[in-house]
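First up is the structure itself, then whatever we jot down about it.
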Protein chains: 2
Amino acid sequence: MSTHDDLRAIALAEFAANGYAGTSLQRIAEVAGVSKASVLYHFSSKEALLEASVGPAIDRLTTIIDAVDGTLDDREARHAFVEQFVDLLLEHRLEVFLFINQGAGLEDVPVVDRANLVVERLAQFFCTAASTTEDQLRFGMALGGAAYVLSVKTQPSPRELPVDEVRAALVRIVNELLDPIVVVAGTR
Amino acid sequence: MSTHDDLRAIALAEFAANGYAGTSLQRIAEVAGVSKASVLYHFSSKEALLEASVGPAIDRLTTIIDAVDGTLDDREARHAFVEQFVDLLLEHRLEVFLFINQGAGLEDVPVVDRANLVVERLAQFFCTAASTTEDQLRFGMALGGAAYVLSVKTQPSPRELPVDEVRAALVRIVNELLDPIVVVAGTR
DNA sequence: ACAGTTTCTGACCGATCGGTCAGTTACGGT
DNA sequence: ACCGTAACTGACCGATCGGTCAGAAACTGT
């Protein structure tokens, strides 16, 4: 793999493990086996490195949400969305973990604002769709809980469980949480 | 309120909002309206400030877990535990949020290790009690999801919803997730 | 009014932070 | 063999980090 891609992957892992503020460029350089100056040659700043790390995952989430826009009251469409969402979580665990952890504290960082925006859009869908307090909590627990349980590190972790099994079970649980919700028509 | 307690409260809020590494003693001092040296007069180090911030919440969680030890196969006991757990989350949102975010990256910090230990104990209960992949995910989503949904900041946030309603709904949802689990006897 | 203790502060320390820059090394095309 | 470019580095910058310390200010009991 190229140095460029190496750095992006290492940065993502380090940011997720130790937080954005808690990860120094020096540390990333050491893990990659290059100098700090070399890191800043490939990425113009620490922020650019963060952008490169989480940007693609955010783009994908945006795409998924665009597709489901306004179809939340349809049960079939919602089930399809859940599958795509779970797949996203499974393929981008580190990015999700990083965003969950740092999303609140890193405002005014462009890429994080972009992420917060798309998540807020998701929340808006669900808050307008769900009328009661319980239904809002259901949405939050279904999506946030799924994101959290996959990203958190425990022993034994879902990481080590068979992926297919995790995916199937997670889709089932999330749908189980979402199905009882009374969706008001015309969520948009 | 005393300066000492002020500082503890402010530190907790800042740590939760910007992360441990992302929060400087200078910042805490400014918010409190005192000098940085004064902060270090009340708390011998930044780590001691973290300890004072989250220690009590960890102690309480330990107490709750001690009480439920070995009784997870009893449905009634589990429901009682869920209520206590939800109450803990509601009363210590900032601490929970802080731990969720920083727990992974702040190893070797005594108070965080203490927190990780008690959470691992909780996970052990559930992993030995739950046999299948789905059941383990159920436990994770029920407890982790509940913790996450209460600590995350969204618009409108659970923070602003009536507490009683949130508590009742959350207890219901968590139990709904946990009840289908086939618990193997003798969780110890 | 005085003395003793608690509370608080400005100045300072070495270390590390993100970032810059001049210059060196490695390499592909001709 | 030469050259242009891409990749990389060591040295350095100002700022900020957590932490120390001597002493000022504020409060206490007598």
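Here is the naming used below: chain letters follow the sequence lines, and residue numbers restart at 1 for every chain.
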> Hey, does B/V119 have a side-chain heavy atom less than 4.5 Å from the side chain of B/F99?
Replying inline: yes

> Among B/V39, B/V31, B/L49, which residue meets the side-chain contact (heavy atoms from CB on, under 4.5 Å) test with B/I10?
Replying inline: B/V31

> Charged N to carboxylate O below 4.0 Å: is that the case for A/E91 and A/R60?
Replying inline: yes

> Can you list the residues that meet the salt bridge (Lys or Arg N to Asp or Glu O under 4.0 Å) rule with A/R27, with sequence neighbours excluded?
Replying inline: A/E14

> Can a salt bridge be assigned to the pair A/D66 and A/R121 using a cut-off of 4.0 Å between side-chain N and carboxylate O?
Replying inline: yes

>> Is it the case that the side chain of B/Y20 and the backbone of B/E47 share a donor-acceptor pair, with hydrogens and angles ignored and the cut-off at 3.5 Å?
In response: yes

Pairs: protein N or O with nucleotides 26-29 of chain C N or O, under 3.5 Å:
none

> Looking at side-chain heavy atoms only, is the closest gap between A/F15 and A/E95 below 4.5 Å?
Replying inline: no

> Salt bridge or not for B/R138 and A/E176, using N-O below 4.0 Å?
Replying inline: yes

>> When the axes are fitted on five pairs at both termini, how much does the helix from C/dA1-D/dT30 to C/dT30-D/dA1 curve, in 10° steps?
In response: 10°

> Going by heavy atoms closer than 4.0 Å, what residues in residues 2-19 of chain A are next to DNA chain C?
Replying inline: none

>> With a 4.0 Å cut-off on N to O distance, would you call A/E30 and A/K36 a salt bridge?
In response: no

>> So does A/T23 get a backbone contact from the side chain of A/K46, meaning a donor-acceptor N/O pair under 3.5 Å?
In response: yes

>> What range of DNA chain D does chain A touch, first nucleotide to last, counting atoms under 4.0 Å from its heavy atoms?
In response: D/dA6 to D/dG10

>> Test your reading of the model: is there a side-chain donor-acceptor pair from B/S38 to the backbone of B/S35, 3.5 Å cut-off?
In response: no

>> Heavy atoms within less than 4.0 Å of DNA chain D: which residues of residues 33-53 of chain B have one? Give them sorted by number.
In response: B/K36, B/A37, B/L40, B/S45, B/K46

>> Applying side-chain contact (heavy atoms from CB on, under 4.5 Å) to A/D113 and A/V111, what does each step give before you reach the verdict?
In response: CA-CA 5 Å; A/D113 280 346; A/V111 68; over 6 Å; no

> Can you check whether A/V109's main-chain N or O pairs, donor with acceptor, with A/R114's side chain at less than 3.5 Å?
Replying inline: no

> Under 4.0 Å between a Lys/Arg side-chain N and an Asp/Glu carboxylate O for B/R8 and B/D5?
Replying inline: yes

>> Run B/V86 and B/V166 through side-chain contact (heavy atoms from CB on, under 4.5 Å) and show every step you take.
In response: CA-CA 10 Å; B/V86 168; B/V166 171; over 6 Å; no

